[in-house]
Amino acid sequence: MIDFTLFPSPCYIMEEELLRKNLTLIKSVADRAGVEIILAFKSFAMWRSFPIFREYIEHSTASSVYEARLALEEFGSKAHTYSPAYTEADFLEIMRCSSYITFNSLSQFHRFYPMVEAEGSGISCGIRVNPEYSEVETELYNPCAPGTRFGVMAEQLPDRLPQGIEGFHCHCHCESSSYELERTLVHLEEKFARWFPQLKWLNLGGGHLMTRKDYDVEHLIGLLQGLRKRYPNLRIILEPGSAFTWQTGVLTSEVVDIVENRGIRTAILNVSFTCHMPDCLEMPYQPAVRGAQMGKEGPYVYRLGGNSCLSGDYMGDWSFDHELQIGERIVFEDMIHYTTVKTNMFNGIHHPAIGMWTQKGEAKVFKQFSYEDYRDRMS
């Protein structure tokens, strides 16, 4: 049990034991299925925890020059890099930090591949493909929605791929099941399998939530083994983000005031949904609150409000078994994936600290933020 009093408030706190549990499962899937599973930084980039990750996996995936540099300098291996668009200003650094580079379009490939070829660095290049099929219901997260800017459709590819394209990258999942992957593979193979003999690798992207309790891991392994059997020339790569840090930590906060308006009581916290938990407003996604039930059925019902001046910076309603008190700690569950990489300092709101509760029961505070962090971002 985490001793919250040993951490600053507010604070993102990862539990090492829970992280290692997820990493063990992911490594088991990779080993049994004969595939490579790598960490996507777009979901999690708490680099002080990377030495733990390196005990289980070897590589990571980047979507920008900063992430690629983080892969090389902090994760300790070159990145599998994909970006919707590269620029001349960044591409030399992208090449320095990457072992794989995926292009979003044929025009980007033709524009930048000559630089890869001239460098002679052994970088393996690929193209993102769009199977025109995704079961992601929230359009904000659906990369295959009509008019999408992501990937090349089958009719846009020539029968013979341009020299230098060694792999396909396909990403169309978000916290998805193995059965969604199974249905996606039908569409992917139907549209693109005729090019597979020309390739060396196939990257199935992220969104494979294999560490969720109800995920059918055995079904996933069977799917991947079957895919490898059908296409033995292909190296299969998965790059989930959320699966690595799913339910591995919390965001702690405190009640700083309680206000009431027309019968609605709001507990104002020292954290912000728009600043520190943006997926709650974007997805929208209802977080779990330790010791509370969602809804209005209990005796003490509160809306939880953030401390920014955005009118919609609140979530509700939650039912508690007691009257909340100023200074009382409120703990949001499962707040490690995506939250820490999507936070902002809107309103100059104090950013939560970042820490880890170790297997030995020690509180490690990796980072605390100050006024200078806010000031230096502005100019």
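Remember, predicted model here, so these are calculated numbers, not experimental data.
Hydrophobic cluster of Val256: the remaining members, joined at side-chain heavy-atom separations below 4.5 Å, are Val259, Ile268, listed by chain and number.
No more than 12 heavy atoms of other residues, nucleotides or ligands shown are found within 6.0 angstrom of NZ on Lys42. In Gln293, the CD atom is not crowded: 12 or fewer heavy atoms of neighbouring residues, nucleotides or ligands sit closer than 6.0 Å. Summarising the local packing, CD of Glu17 is surrounded by 12 or fewer heavy atoms from other residues, nucleotides or ligands at distances under 6.0 Å. More than 12 heavy atoms of other residues, nucleotides or ligands sit less than 6.0 Å from atom CD of Glu372. More than 12 heavy atoms of other residues, nucleotides or ligands sit less than 6.0 Å from atom NZ of Lys342.
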Taking distance alone, no hydrogens or angles, what donor-acceptor pairs closer than 3.5 Å link side-chain atoms of residues 122-130 to residues at least two apart or in another chain?
{"unit_1": "Ser124", "atom_1": "OG", "unit_2": "Glu166", "atom_2": "OE1", "d": "2.6"}
{"unit_1": "Ser124", "atom_1": "OG", "unit_2": "Trp201", "atom_2": "NE1", "d": "2.7"}
{"unit_1": "Arg128", "atom_1": "NH1", "unit_2": "Tyr82", "atom_2": "OH", "d": "3.3"}
{"unit_1": "Arg128", "atom_1": "NH2", "unit_2": "His171", "atom_2": "O", "d": "3.1"}
{"unit_1": "Asn130", "atom_1": "OD1", "unit_2": "Glu132", "atom_2": "N", "d": "2.8"}

Exercise. Could you walk me through whether Lys21 and Glu15 pass the salt bridge (Lys or Arg N to Asp or Glu O under 4.0 Å) check?
Worked result: CA-CA 10 Å; Lys21 180 181 177 182; Glu15 291 191 58; over 6 Å; no
For this session: Mind running salt bridge (Lys or Arg N to Asp or Glu O under 4.0 Å) on Glu218 and Arg32 for me, showing each step along the way?
Result: CA-CA 10 Å; Glu218 296 302 319; Arg32 292 174 60 196; 2.8 Å; yes
For this session: Let me see the working for Glu189 and Tyr231 under side chain to side chain donor-acceptor pair (under 3.5 Å), right down to the final yes or no.
Result: CA-CA 11 Å; Glu189 292 180 63; Tyr231 311 103; 2.6 Å; yes
Exercise. When you look at Tyr56 and Glu58, which way does the side chain to side chain donor-acceptor pair (under 3.5 Å) test go after all the steps?
Worked result: CA-CA 7 Å; Tyr56 300 85; Glu58 295 182 359; over 6 Å; no
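One hydrophobic cluster holds both Leu39 and Phe366 under the rule that ILVMFWY side chains link at heavy-atom gaps under 4.5 Å. Under a hydrophobic-cluster definition in which Ile, Leu, Val, Met, Phe, Trp and Tyr are linked whenever side-chain heavy atoms come within less than 4.5 Å, directly or via other members, Ile165 and Tyr113 are assigned to the same cluster. Phe75 and Leu238 fall within the same hydrophobic cluster, where Ile, Leu, Val, Met, Phe, Trp and Tyr residues are linked whenever their side-chain heavy atoms come under 4.5 Å apart, directly or through other members. Residues Leu23 and Ile37 are members of one and the same hydrophobic cluster, defined by side-chain heavy-atom contacts under 4.5 angstrom among Ile, Leu, Val, Met, Phe, Trp and Tyr. Criterion: ILVMFWY side-chain heavy atoms under 4.5 Å apart, direct or through other members. Under it, Met294 and Met335 are part of a common hydrophobic cluster.
You'll find the side chain of Leu324 reaches within 4.5 Å of the side chain of Tyr302, heavy atoms only. Contact check for Phe168 versus Leu157: side-chain heavy atoms found under the 4.5 Å cut-off.
Side chains of Ser272 and Thr274: a donor-acceptor N/O pair is absent below 3.5 angstrom, by distance only. Under the 3.5 Å distance criterion, with hydrogens and angles disregarded, no donor-acceptor pair is assigned to the side chains of Ser121 and Glu119. Using modelled atom types and a 3.5 Å distance limit, the side chains of Asp216 and Tyr179 yield a donor-acceptor pair. Checked by atom type, the side-chain pair Tyr141/Asp279 shows a donor-acceptor distance below 3.5 Å. Checking His173 against Thr184 by side-chain atom types alone, a donor-acceptor pair falls below 3.5 Å. Between Glu328 and His322, the side chains place a donor N or O and an acceptor N or O closer than 3.5 Å (distance only, hydrogens not considered). For His169 and Thr102, the side-chain atoms include no donor-acceptor pair closer than 3.5 Å.
Residues Gln163 and Phe109 share a closest heavy-atom pair of O-CZ, 3.4 Å. Nearest heavy-atom pair, Thr340 versus Tyr12, reported as atom, atom and distance to 0.1 Å: CG2-CG, 3.7 Å. Closest non-hydrogen pair, Gln156 versus Gly151, comes out as OE1-O, 4.5 Å. When every heavy atom of Ser242 is checked against every heavy atom of Tyr338, the shortest pair comes out as OG-CE1, 3.3 Å. Considering every non-hydrogen atom in both Ser253 and Leu269, the closest pair reads OG-CD1, 3.9 Å. For the residue pair Val301 and Gly295, the shortest heavy atom distance occurs at CG1-O, 4.1 Å.
Between Glu175 and Arg212 there is no salt bridge, since no side-chain N of the basic residue sits under 4.0 Å from a carboxylate O of the acidic one. At a threshold of 4.0 Å, the pair Arg377-Asp373 does not count as salt-bridged, since none of the basic side-chain nitrogens sits closer than that to a carboxylate oxygen. A salt bridge is defined here as a Lys NZ or Arg NE, NH1 or NH2 lying under 4.0 Å from an Asp or Glu carboxylate O, and Arg20 with Glu55 meets this definition. Ion pairing between Arg69 and Glu74 fails under the 4.0 Å rule for side-chain N and carboxylate O. Using a 4.0 Å cut-off between charged side-chain N and carboxylate O, Glu73 and Arg96 make a salt bridge.
Of the residues listed (Phe53, Phe50, Trp47), the one engaging Phe41 in a ring-ring contact (aromatic ring centres under 6.0 Å, His included) is Phe50, and it is the only one.
Judged by the 6.0 Å and 45° rule, Lys367 forms a cation-pi pair with Phe369.
A donor-acceptor contact shorter than 3.5 Å links the side chain of Ser176 to the backbone of Cys174. A donor-acceptor pair is defined here as one N or O able to donate and one able to accept, closer than 3.5 Å; such a pair exists between the side chain of Asn347 and the backbone of Cys309. With hydrogens and angles disregarded, a donor-acceptor distance shorter than 3.5 Å links the side chain of Ser64 to the backbone of Glu67.
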